[in-house]
Protein chains: 2
Amino acid sequence: MHKQTFADAQHWPANVLAQDCPSRVILQHVTSRWGTLILIALAEDTLRFANLRRRVQGISERMLAQTLQVLESDGLVHRHAHDVVPPHVDYRLTPLGFEVAARVIDLARWIEGNLDRLKQEGQTAP
Amino acid sequence: MHKQTFADAQHWPANVLAQDCPSRVILQHVTSRWGTLILIALAEDTLRFANLRRRVQGISERMLAQTLQVLESDGLVHRHAHDVVPPHVDYRLTPLGFEVAARVIDLARWIEGNLDRLKQEGQTAP
DNA sequence: CAGAATCCTTTTTGATACTG
DNA sequence: CAGTATCAAAAAGGATTCTG
């Protein structure tokens, strides 16, 4: 064949491309700006709110809380609140969360490993 | 061990979590709202602007053009303009593009295949 | 400590109209 | 056809303040 395509993709319906596909919503959550990084961080270790925030550099309290709720509602993250004062809450991935995280990590790692082959920023304001 | 973690992630520095890591920028591009879908669509086939737009349902001309430029500047998409009138331009993935696309597709496919195990939208406005 | 609430700024996005 | 330009609307993000 003289046209290069990703063979595996050829025989996959790819419903995500459909506007109303529910998987598109989840994909959006998982690949959201902070969602990706949170999944990566939690795949390494169970973390408390403050620690997680320190690990995912640059995230604000607001976005951390918000993104965690979304991922929790998707069943990817488990919020474990110990009933003590002061509050002690830790976050961990659910089994499902580990499965997606593995794929996100694979992607992120590929990028890190091929940074030199990729052209950096060709974008300049006009 | 009594603490479940993604073993493979344990021994990976995960630079993306660092605020200034260049890989974070690329990851952002690849996992952007439309970037992901464009990569998936182009992995299936080389497409012209209009066709690509039809394939990635819901995308506007503006976002398609813009996202394509970003992906092109990253070296993931190749823009091939035939020198004819009226214009004929087609887009295809570069070898590098196919490599990331494979991973994005793996993620998307996992989500599609596990939709039933995932909790849909737990979000309701207060 | 964890996070909800509030206020405000910055980006993103989408229609629409226009051009080579 | 394949975009670019422009403008307004919407969403995302951040800083700060406050509470159980």
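Below, read A as the first sequence line, B as the second, and so on, with proteins coming before strands; counting in each chain starts at 1.
dG13(D) atom C1' lies 16 Å from atom CG of Leu68(A), rounded to whole Å. Taking atom NE2 of His80(B) as the reference point, atom P of dC1(D) lies 19 Å away to the nearest angstrom.
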Could you write out each protein N or O paired with an N or O of nucleotides 4-11 of chain D at a distance under 3.5 Å?
| unit_1 | atom_1 | unit_2 | atom_2 | d |
| --- | --- | --- | --- | --- |
| dT4(D) | OP1 | Gln69(B) | NE2 | 3.0 |
| dT4(D) | O4 | Glu61(B) | OE1 | 3.2 |
| dT6(D) | O4 | Arg62(B) | NE | 3.3 |

For nucleotides 18-20 of chain D, give me every protein contact, N/O to N/O, under 3.5 Å, one pair per line with atom names.
none

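Here the range on DNA chain C touched by chain B, meaning any atom under 4.0 Å from one of its heavy atoms, is dT13(C) to dG20(C).
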Name each donor-acceptor pair under 3.5 Å that joins a side chain in residues 82-89 of chain B to protein atoms two or more places apart or in another chain, with its distance.
| unit_1 | atom_1 | unit_2 | atom_2 | d |
| --- | --- | --- | --- | --- |
| His82(B) | NE2 | Asp90(B) | OD2 | 3.1 |
| His88(B) | ND1 | Arg48(B) | NH1 | 3.2 |

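The salt bridge (Lys or Arg N to Asp or Glu O under 4.0 Å) analysis of residues 95-113 of chain B, with sequence neighbours excluded, yields the pairs Asp8(A)-Arg109(B), Arg103(A)-Asp106(B), Asp106(A)-Arg103(B), Arg117(A)-Glu99(B).
Residues passing the salt bridge (charged side-chain N to carboxylate O under 4.0 Å, His left out) test with Arg24(B): none are found, sequence neighbours excluded. Listed by chain and number, the residues in a side-chain hydrogen bond (donor to acceptor under 3.5 Å, both in side chains) with Glu72(B) amount to none (sequence neighbours excluded). Remark: Ala50(B) engages Arg54(B) in a side chain to side chain contact (heavy atoms under 4.5 Å, CB included) (not counting sequence neighbours). With sequence neighbours left out, the side-chain hydrogen bond (donor to acceptor under 3.5 Å, both in side chains) criterion links Trp34(A) to no other residue. Every residue two or more places apart in sequence or in another chain that forms a side chain to side chain contact (heavy atoms under 4.5 Å, CB included) with Phe98(B) is listed here: Gln4(A), Phe6(A), Leu93(B). For Arg33(B), there are no salt bridge (charged side-chain N to carboxylate O under 4.0 Å, His left out) partners two or more places apart in sequence or in a different chain.
Each end of the helix from dC1(C)-dG20(D) to dG20(C)-dC1(D) gets its own axis from five base pairs, and the two axes differ in direction by 50°, given to 10 degrees.
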